[in-house]
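See below for the structure under consideration.
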There are 2 protein chains.
Amino acid sequence: MRTLDEILEVETPREKYIIMEEPDKEVAAEFIRKNWRHYVILIFAFSSVKYEGRAASELSPSDHIIILKPDGTLLVHGPEKREPINWQPPGSILTSFVEKGKLVIRSRRYKPRETVIIVCESPYVLLAMNTRSGEFRMFRSESQMVDYVMRNPSFIEEGFVPVIKEYRTRFGIIDLFGRDKHNNIVICEFKRRVADVQDVAQLALYVDAIQRNSNCKVRGFLIAPGITDMALIALKEKNLEFRKLNPKSIIGGENAV
Amino acid sequence: MRTLDEILEVETPREKYIIMEEPDKEVAAEFIRKNWRHYVILIFAFSSVKYEGRAASELSPSDHIIILKPDGTLLVHGPEKREPINWQPPGSILTSFVEKGKLVIRSRRYKPRETVIIVCESPYVLLAMNTRSGEFRMFRSESQMVDYVMRNPSFIEEGFVPVIKEYRTRFGIIDLFGRDKHNNIVICEFKRRVADVQDVAQLALYVDAIQRNSNCKVRGFLIAPGITDMALIALKEKNLEFRKLNPKSIIGGENAV
DNA sequence: TGCTTGATCTCGTAT
DNA sequence: ATACGAGGTCAAGCA
């Protein structure tokens, strides 16, 4: 059920952006409550943060950049690093109020139940931005590597025949499943980055599991732009094989989808 | 009111924040060049982004929130999601200039060589923030789970004796290495979240590797707050064992670092 | 909804 | 510098 206020907000023409310098806390709290679904809101404030959920954390009072998105995302950024210090993912529910003279921003989510509480002593700036999202395209994914090998099976070795992509087993999903020229089973695991020991472990698990249910010989290939030393040791101990493939080198002519 | 020259000549941050609405592009470019090492700078602009590096991407012109940090971090956020659409990690080098009447922000890094180029047609707002970072504390990590089992070895089973934490092997690091009451080797792998098939694969690799170099029986335990179905199947096939431990349930009395 | 896996993963730490 | 493993990983795709 929408209140009259909520209806009015939606109908009201929206500014491209709204700036409040040193905003009154009551005004800021009301603005956040009424508008967080419509604007991306940035708050630059001296603030402290407490988080309680899968883990728990405390951030002592300092200058932080707080971003609230219409989808429920909350970010608390400091002056360093790509990662936010604290955050809440999309779907979280926001509220804001004044308590003991301080501006409080609280975000809650369920499954898992998690709460972030931000207490602002002095909000320096509040900036609300009316944004629309653009179109985004990415290239050079792992699936493009699989497509390349599907079209160029001899990359694995002469006589290799791809059979099925993303073959689902009880143990997990095999990137590419096929046969070699002697009709042995071939399992291919692709990585777009340098392969590590974890990737070898994953391939070994698949090979062992398939081998247990089959009389054929089962061979495992790891296809990646490189492999770490430890991973190479583990690979050889497990009698698995490696093929070097750089996603950068297969961009020619790959633009489908 | 400070003059433009005064603003541009700032070497170290003096103002808590500086706001420019609809800034002139030449002024914005010069401000960014001169001040990105001193302020966290937010730019709200109609802009397009191209990225070229480990992968490649294109973001069509739209409204974006661009954040530049003194450590070289660059973030391009849209109105949704916790993750930036494009980014550059700390250590990247920034520059800015006007080209063909548009404000260009370019970030470069080496190892790997990666470039992000942002072209702003109309910068709505530029906000420079003078921030200092606070102290941050986190609780309930995986290592606290290991500590708990070290102090309560019977949690694994009667007669279990922990021997060494973070035992380094050629294949990787074993969280906890010990012996059972029959002097069999025991390998423990901890996860603070629900364990999946990858975690079983990792444990299986360690157990197989140690078994190959030993005459003792080698047992493997996975300790986590839960385990997925596929992981449980793989676990049983590999004759490994599971112990349920929730990091939340061991916080009582655990505050020593 | 839950599960599985990729990611320009990022980030800390130890060798 | 490299490598390994954790992460409140997040987010997409599919049963």
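Letters A, B, ... are given to chains in the order of the sequence lines, protein chains preceding strands, and every chain is numbered from 1.
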**OP:** Describe the nucleic acid contact of A:Ser141 in one word from base, sugar-phosphate, nothing, applying a heavy-atom distance below 4.0 Å.
**Re:** sugar-phosphate

Subject >> Nearest-Å distance for atom pair OH/C1', residues B:Tyr167 and D:dG5 >> reply: 18 Å

**OP:** State whether B:Tyr51 places a side-chain N or O below 4.0 Å from either non-bridging phosphate oxygen (OP1 or OP2) of C:dA7.
**Re:** no

Original post:
A:His77 vs B:His77 aromatic rings, parallel, tilted or perpendicular, using cut-offs 30° and 60°?
Top reply: perpendicular

**OP:** With the side chain of B:Val197 defined as its heavy atoms from C-beta on, choose the nearest nucleotide among C:dT5, D:dT9, C:dG6.
**Re:** C:dT5

Original post:
Is any side-chain heavy atom of A:Ile174 less than 4.5 Å from a side-chain heavy atom of A:Ile210?
Top reply: yes

Original post:
Which nucleotide in the set D:dG5, D:dC10, D:dA6 lies at the smallest distance from any side-chain heavy atom of B:Lys191?
Top reply: D:dA6

Original post:
Between A:Arg192 and A:Glu142, is there a side-chain N and carboxylate O pair less than 4.0 Å apart?
Top reply: no

Original post:
NA contact type, A:Gly172, heavy-atom cut-off 4.0 Å: base, sugar-phosphate, or nothing?
Top reply: sugar-phosphate

Original post:
B:Met230 near the nucleic acid: base, sugar-phosphate alone, or nothing, with a heavy-atom cut-off under 4.0 Å?
Top reply: sugar-phosphate

Original post:
Do B:Val149 and B:Phe190 touch side chain to side chain, with heavy atoms closer than 4.5 Å?
Top reply: yes

Original post:
How many Å lie between CD on B:Glu58 and C1' on C:dT8, as a whole number?
Top reply: 15 Å

Original post:
Mind checking the P distance from C:dT8 to C:dT4? Whole angstroms is fine.
Top reply: 22 Å

Original post:
To the nearest angstrom, how far is A:Arg193 atom CZ from C:dG6 atom C1'?
Top reply: 8 Å

Subject >> Nucleotide nearest A:Arg82 when distance is taken to its side chain, options D:dC4, C:dC11, D:dG8 >> reply: C:dC11

Subject >> Reported CG-to-CH2 distance for the pair A:Leu94 and A:Trp36, which is rounded to 0.5 angstrom >> reply: 5.5 Å

Subject >> base_contact_polar (D:dT2 base, A:Asp229 side chain, donor-acceptor, <3.5 Å) >> reply: no

Subject >> Residue A:Glu142, side-chain heavy atoms: nucleotide from C:dG6, D:dA6, D:dA11 that is nearest >> reply: C:dG6

**OP:** Answer whether the closest heavy-atom distance between the side chains of B:Ile118 and B:Leu74 falls below 4.5 Å.
**Re:** yes

Original post:
Is the number of heavy atoms from other residues, nucleotides or ligands within 6.0 Å of NZ (A:Lys238) greater than 12?
Top reply: yes

Original post:
Of B:Ile85 and A:Ile173, whose nearest nucleotide on DNA chain C comes first from the 5' end?
Top reply: A:Ile173

**OP:** Could you work out which one of D:dC4, D:dG8, C:dG6 sits closest to the side chain of A:Thr228?
**Re:** D:dC4

**OP:** Could you tell me the separation between the CZ atom of B:Arg140 and the C1' atom of D:dT9, rounded to a whole number of Å?
**Re:** 17 Å

**OP:** Please check the phosphate of D:dT9 (OP1 and OP2 only) for any side-chain N or O of B:Arg192 closer than 4.0 Å.
**Re:** yes

Original post:
Can you check whether B:Ile185 reaches B:Phe177 side chain to side chain, under 4.5 Å on heavy atoms?
Top reply: yes

Original post:
Just checking, any donor-acceptor pair under 3.5 angstrom between side chains of B:Tyr206 and B:Gln202?
Top reply: yes

Original post:
If you look at every strand shown and take non-hydrogen atoms under 4.0 Å, does B:Glu80 touch a base, only sugar-phosphate, or nothing?
Top reply: nothing

Original post:
With a non-hydrogen cut-off below 4.0 angstrom, is B:Gln88 in contact with a base, only sugar-phosphate, or nothing?
Top reply: nothing

**OP:** Could you check whether A:Pro90 gets within reach of a base, just the sugar-phosphate, or nothing at all, counting any heavy atom under 4.0 Å?
**Re:** sugar-phosphate

**OP:** Whole angstrom is fine here: how far is it from CZ in B:Arg170 over to P in D:dA3?
**Re:** 17 Å

**OP:** Between B:Glu189 and A:Val194, name the one whose nearest nucleotide on DNA chain D is closer to the 5' end.
**Re:** A:Val194

Subject >> Atom-pair distance (CD1 on B:Ile227; P on C:dG2), nearest Å >> reply: 18 Å

Original post:
For the pair made of CG in A:Leu205 and P in C:dT5, what is the distance, rounded to whole Å?
Top reply: 9 Å

Original post:
B:Val40 versus B:Ile67: any side-chain heavy-atom pair under 4.5 Å?
Top reply: yes

Subject >> Which nucleotide in D:dG8, C:dC11, C:dG6 has an atom nearest any side-chain atom of A:Ala55 >> reply: D:dG8

**OP:** Tell me what A:Tyr206 touches on the nucleic acid: a base, only sugar-phosphate, or nothing, going by heavy atoms under 4.0 Å.
**Re:** sugar-phosphate

Subject >> A:Glu99/A:Arg106 salt bridge by N-O under 4.0 Å criterion >> reply: no

Subject >> Strand contacts (DNA chain C) in residues 106-115 of chain A, 4.0 angstrom heavy-atom criterion >> reply: A:Lys111

Can you pull every protein N or O that's under 3.5 Å from an N or O on nucleotides 12-15 of chain C?
from, atom 1, to, atom 2, distance (Å)
C:dG12, OP2, A:Lys81, NZ, 3.1

Subject >> A:Lys69 and B:Glu80 ion-paired at < 4.0 Å >> reply: no

Original post:
Which value, in whole Å, describes the distance between the C1' atoms of nucleotides D:dA11 and D:dG7?
Top reply: 15 Å

Original post:
Can you tell which of C:dT5, D:dG5, C:dC11 lies closest to the side chain of A:Glu83?
Top reply: C:dC11

Original post:
Do any side-chain nitrogens or oxygens of B:Trp87 fall under 4.0 Å of OP1 or OP2 in C:dC9?
Top reply: no

Subject >> Gap between atoms NE2 and P, on A:His77 and C:dC11 respectively (whole Å) >> reply: 10 Å

Original post:
At under 4.0 Å, does any side-chain N or O of A:Arg54 touch on OP1 or OP2 of D:dT9?
Top reply: yes

